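Take a look at the structure below.
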Amino acid sequence: MGLVLLLIIGVGVGLYIHLYNRIQVLERDLRELRFGSGGRPVPLPGYAQTQPMPNPITSAPLSSATIPPGERLAVAAAEMHRATERRDLEFRFGGKALTIIGAIAVILGVAFFLRYAFDQNLISETVRMVLGIVAGVGLGTLGVWLRAKHSWYGNVLIGGGLGLLYLSLYAGFAFYNVIGFATSFAAMIVVSVIGVGISLRYNTPALTVIAQIGAFLTPLLLNNGENHIHAVFPYLIVVVICLTALSWRRPWQFIQLGNLAGVVIVAASWFIHFYNNSQYTPAIVYITLLFLLFIATSFIRMWRSDKPSDVTNVIGAFLLPLPYFLAGYFMTRAIYPDWRGFFVMALAIVYCLLAAAARASRKPAAMSYQQIMLALSFVFLIIFAPVQLGQSWVGVAWSVEALVLFLLALQFDSRALRVVSMALFQLAMLRLFVWDGLLTGTPVAWLNERTLPFALATIFFVVGFLIARASERLRTERQEWLAYILSINIFLIISYWFSLEIIDFHPTWWLAVLWSVLAAAGVALGIHDSNTPLRAVSYTMFGITGLRLLFSDGRSITNDFTLLANHRVFVFLIAFAAIIYAVHTVRASQVSQGEKSL
């Protein structure tokens, strides 16, 4: 049945192609008879050529009776020409649709024939595989021959031939054991190379997609339950190199994303079926080589690009680190848990160097590429601390990283790095507030597990603030807001740290005393540095202190309460003195400014 179906479909397709060619020839001959080889209407014999009519005196339309016979023939011929063009368009559209349907029918017919032959055991297993290979070669050859006149049909036949070759080789290896692993592996590589070569020869992206899919399906189809790590991963490296070279020969940007997807799928399949701790060294070496290969390809594409932004390259560069990080992290955690953080830090350094190299290249696409690399470096810097350090030291590590990035930003005059460093400073402060302030066990006041992290983080914030305040470059570029933000960070960290100590170990009425003193100090520092945001935060602190005095500390009475000599009087006196000091400092500043203006 399958053979009969195949013969019927083949005869039908052959008749269709023959009739299509005949109709094309007849249509061309008819157009030449009607309009001549130049495309102009040809007058019939017996009618003299008429001269062009001068502009009519009246604008009234002429009746058909007043038009000379020759011109009536020309008008009719033009109308017939337009009708013929419409018919040609409809025929071409229908012809393409029928071509696709016919090609699909051919492939299905071949598939039904092979399935029928396999199920009925009409032919031996070796002959089955050979028939499939012959059918694939025949379809591909027919597609190449027909492509000159029927490109759509030819491309589909070539793609179908490549697919049949892959399926036949897979069946010969996996189902019938006619050929071994090495033979089938090499044969599928040859098929992929042929597909890529044909796509280059005819400049056909669709064939490249088919060859690319077949290339990455090869190690999946040939999975016989044995670990071939030294065959699979070198094969992936070779495939990526070849297809990347092809993408540089043709403007087919989808190839790189297809390479990344194919490598991830094949590598994930290998890890699921074969990976164990004894495979760590070769596995980490192979995936690192693939990672560096993709990184190098991405950077070279950025270097070669003449566009301000290569969207495909940016997407690939952004997606690349995720699978490599997940694989490398979980592999390293199982074997060398103390080295997990260094693995993450190495990734951060690599992407930081790539950002620096992109900035130095000054290429049109360097800006968007640099931003992506900086963002990835920033992400890995954030991940490093919780992966490698204890929970109470994460905020300190982030503050150190932020300070280093800030110094690099000033050194290389990079606004992007400044923004990244400021974001990391804020993240470090948030970490201190939410997690690093918690205590465990039986802590001691002011000398407990949060004292050293808060003290060190405060020191790094203070260093960053002093560097920002002293920087002439920042003042020249009107970037004083960096110093303002850091000064507010320091004020909030100290306020939060000391407040936690009071809440955990001392009476809470000391909070009003602390907040009053800090607010007065903030006003003084804000006036000294002309730091309006810090003064605003300090005034807000004064307001919060006043509300606490009115609604909490001012109403609380302890058992040892005595008239005048009690904590309430003490708190109000300290708050009042702080306010007086702040007002005096503000007035002195105003007087000084007035004298300078005079």
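Here the structure is a predicted model, which is why all the values come from computation and not from measurement. For the single chain, residues carry numbers from 1 onward in sequence order. Below, all heavy atoms of this structure are taken into account, side chains as well, without hydrogens, waters or symmetry copies.
The backbone N or O of Tyr581 lies less than 3.5 Å from a partner atom in the side chain of Thr585, making a donor-acceptor pair. Side chain of Ser377 to main chain of Met373: no donor-acceptor pair is present (N/O by atom type, distance under 3.5 Å, no hydrogens or angles). Checked by atom type and distance alone, the side chain of Arg450 pairs as donor or acceptor with a backbone atom of Leu500 at under 3.5 Å. In this structure a side-chain-to-backbone donor-acceptor pair under 3.5 Å is present from Ser516 to Ala512. A donor-acceptor contact shorter than 3.5 Å is absent between the side chain of Trp497 and the backbone of Thr451. Within the 3.5 Å criterion, the main-chain N or O of Pro337 finds a donor-acceptor partner in the side chain of Arg340. Remark: the backbone N or O of Trp339 is not paired with any side-chain donor or acceptor of Gln388 at under 3.5 angstrom. A donor-acceptor pair is defined here as one N or O able to donate and one able to accept, closer than 3.5 Å; such a pair exists between the side chain of Thr458 and the backbone of Phe454. In this structure a side-chain-to-backbone donor-acceptor pair under 3.5 Å is missing from Ser298 to Phe294.
Counting all heavy atoms, side chain and backbone alike, Ala327 lies closest to Ile287 at CB-CD1, 4.0 Å. The shortest heavy-atom contact between Tyr324 and Thr288 is OH-OG1, 2.9 Å. Across every non-hydrogen atom of Arg469 and Asp529, the tightest pair is NH1-OD2, 2.9 Å. Listed here is the closest heavy atom pair of Ala365 and Met302: O-CG, 3.7 Å. Annotation for Ser399 and Phe425: closest pair O-CE2, 3.9 Å, computed over non-hydrogen atoms. Nearest approach of Ser530 to Tyr484, heavy atoms of both residues: O-OH, 3.2 Å.
Looking at heavy atoms from C-beta onward, Trp398 lies out of side-chain contact with Phe384 at the 4.5 angstrom threshold. A 4.5 Å side-chain heavy-atom check between Val537 and Phe491 finds at least one atom pair inside the cut-off. Counting only heavy atoms from C-beta outward, the side chains of Ile383 and Phe325 approach each other to under 4.5 Å. Using a 4.5 Å heavy-atom threshold, the side chains of Met422 and Leu482 count as touching.
The side chain to side chain contact (heavy atoms under 4.5 Å, CB included) test with Gln279 is passed by exactly one of Trp270, Phe274, Tyr286: Trp270.
Within 6.0 Å of OH on Tyr329 lie more than 12 heavy atoms contributed by other residues, nucleotides or ligands. Within 6.0 Å of NE2 in His584 there are 12 or fewer heavy atoms belonging to other residues, nucleotides or ligands. Within a 6.0 Å radius of CZ in Phe505, more than 12 heavy atoms belonging to other residues, nucleotides or ligands are found. Surrounding OH of Tyr336 are at most 12 heavy atoms belonging to other residues, nucleotides or ligands under 6.0 Å away. Atom OH of Tyr539 sits in a crowded spot, with more than 12 heavy atoms from other residues, nucleotides or ligands closer than 6.0 Å.
In summary, the aromatic rings of Trp510 and Phe570 are positioned with their centroids under 6.0 Å apart.
Ile382 contributes atom CD1, which lies 5.0 Å from atom CG of Leu427 (distance to the nearest 0.5 angstrom). Taking CG from Asn531 and CZ from Arg535, the interatomic distance works out to 7.5 Å, rounded to the nearest 0.5 Å. To the nearest 0.5 Å, atom CG of residue Leu289 and atom CG of residue Leu236 are 12.0 Å apart. Of the inter-residue distances, the one linking Ile485 atom CD1 with Ile490 atom CD1 reads 12.0 Å to the nearest 0.5 angstrom.
Residues Trp393 and Asp436 have side chains that never bring a donor and an acceptor to within less than 3.5 angstrom of each other.
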